[in-house]
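Everything numeric in this text was worked out from a predicted model, so none of it was measured.
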Amino acid sequence: MKASVAIQTLPAAPNDEELVRIVDEVIAYIKSTGLNYYVGPCETAIEGDDYDQLMDVVKQCQHVAIRAGAPSVSAYIKVTYKPEGEVLTIDKKVTKHHQ
């Protein structure tokens with residue numbers, strides 16, 4: 001993998017149930033991209049070889065939240081990019097903790 005992002009989508013919502021519903025729609029979109037991803041309790045990590053594709057996914061997550069009914073959305077995003085090498089994969093980072 002050449003790049004990874006971690007995104008925490010924070011839609012404005014009137015209650016926890018609505019917030020979870022909107023975030024679930026964002027996660028469904030991420031799943032639909034076919035990229036490798038990992039859903040954690042506070043953020044979702046996504047990895048791939050195409051940096052621009054990952055940035056497009058980040059952008060679309062905001063649009064998905066708005067289309068799902070959020071009047072506004074904020075996000076915390078972490079990006080790791082190594083065009084001439086490999087970044088640590090999700091599996092290398094977390095698998096040992098989930099066995």
Side-chain angles (χ1 to χ4, degrees):
M1 295 294 135
K2 303 275 185 211
S4 65
V5 298
I7 182 168
Q8 180 183 28
T9 301
L10 301 164
N15 55 56
D16 288 346
E17 291 78 20
E18 185 66 1
L19 182 134
V20 169
R21 182 192 67 76
I22 294 167
V23 170
D24 285 348
E25 290 200 32
V26 172
I27 293 168
Y29 161 71
I30 293 168
K31 183 177 182 178
S32 78
T33 68
L35 293 167
N36 192 38
Y37 69 97
Y38 178 85
V39 177
C42 294
E43 65 187 14
T44 299
I46 313 161
E47 61 189 10
D49 286 322
D50 186 337
Y51 174 82
D52 291 331
Q53 180 186 20
L54 289 172
M55 294 300 99
D56 286 343
V57 169
V58 167
K59 179 175 75 172
Q60 287 303 316
C61 286
Q62 308 310 295
H63 293 300
V64 169
I66 296 297
R67 284 193 303 267
S72 66
V73 62
S74 298
Y76 290 103
I77 300 163
K78 301 175 206 169
V79 179
T80 303
Y81 179 48
K82 194 170 185 181
E84 300 301 326
E86 297 288 317
V87 299
L88 282 173
T89 65
I90 292 168
D91 286 339
K92 287 181 183 175
K93 291 176 184 175
V94 302
T95 300
K96 65 185 172 193
H97 301 291
H98 296 281
Q99 295 180 358

Who clusters with Val73? Use side-chain heavy atoms, under 4.5 angstrom, across I, L, V, M, F, W and Y, and order the result by chain and number. Ile66
Can you name the residues that form a salt bridge (Lys or Arg N to Asp or Glu O under 4.0 Å) with Glu84, not counting sequence neighbours? none
Side chains of Cys61 and Ile30: closer than 4.5 Å at any heavy-atom pair? yes
So do the side chains of Val57 and Leu35 get within less than 4.5 Å of each other, counting heavy atoms only? yes
Between Thr9 and Ala65 the two heavy atoms that sit nearest each other are CG2-CB, 4.3 Å
If you group Ile, Leu, Val, Met, Phe, Trp and Tyr by side-chain heavy-atom gaps below 4.5 Å, do Tyr29 and Met55 land in one group? yes
Using the test side-chain hydrogen bond (donor to acceptor under 3.5 Å, both in side chains), find all partners of Asn36 that sit at least two apart in sequence or belong to another chain. Glu47
Which residue pairs pass the side chain to side chain donor-acceptor pair (under 3.5 Å) test with at least one member in residues 89-99, sequence neighbours excluded? Tyr38-His98
CD of Gln60 to OG1 of Thr33: how many Å apart, nearest 0.5 Å? 11.0 Å
State which residues pass side chain to side chain contact (heavy atoms under 4.5 Å, CB included) with Asn15; sequence neighbours excluded, sorted by chain then number. Glu17, Glu18
Those residues that, when tested against Val23, pass side chain to side chain contact (heavy atoms under 4.5 Å, CB included) (two or more places apart): Pro11, Leu19, Ile27
Interatomic distance, CD@Glu86 vs NZ@Lys2, rounded to 0.5 Å, equals 5.0 Å
Would you list the pairs meeting salt bridge (charged side-chain N to carboxylate O under 4.0 Å, His left out) in which at least one residue belongs to residues 23-42, sequence neighbours left out? Arg21-Glu25
Output every pair passing side chain to side chain donor-acceptor pair (under 3.5 Å) with a member in residues 67-82, not counting sequence neighbours, ordered by first then second residue. Glu43-Lys78
Common cluster, Val39/Ile22, ILVMFWY with side-chain heavy-atom separation under 4.5 Å: no
Linking I/L/V/M/F/W/Y whenever any side-chain heavy atoms sit under 4.5 Å apart, do Tyr51 and Val58 land together? yes
Listed partners of Ala75 passing side chain to side chain contact (heavy atoms under 4.5 Å, CB included), at least two apart: Ile7, Gln62, Ile77
Do you know the tightest heavy-atom contact between Met1 and Asp49? CA-OD1, 3.3 Å
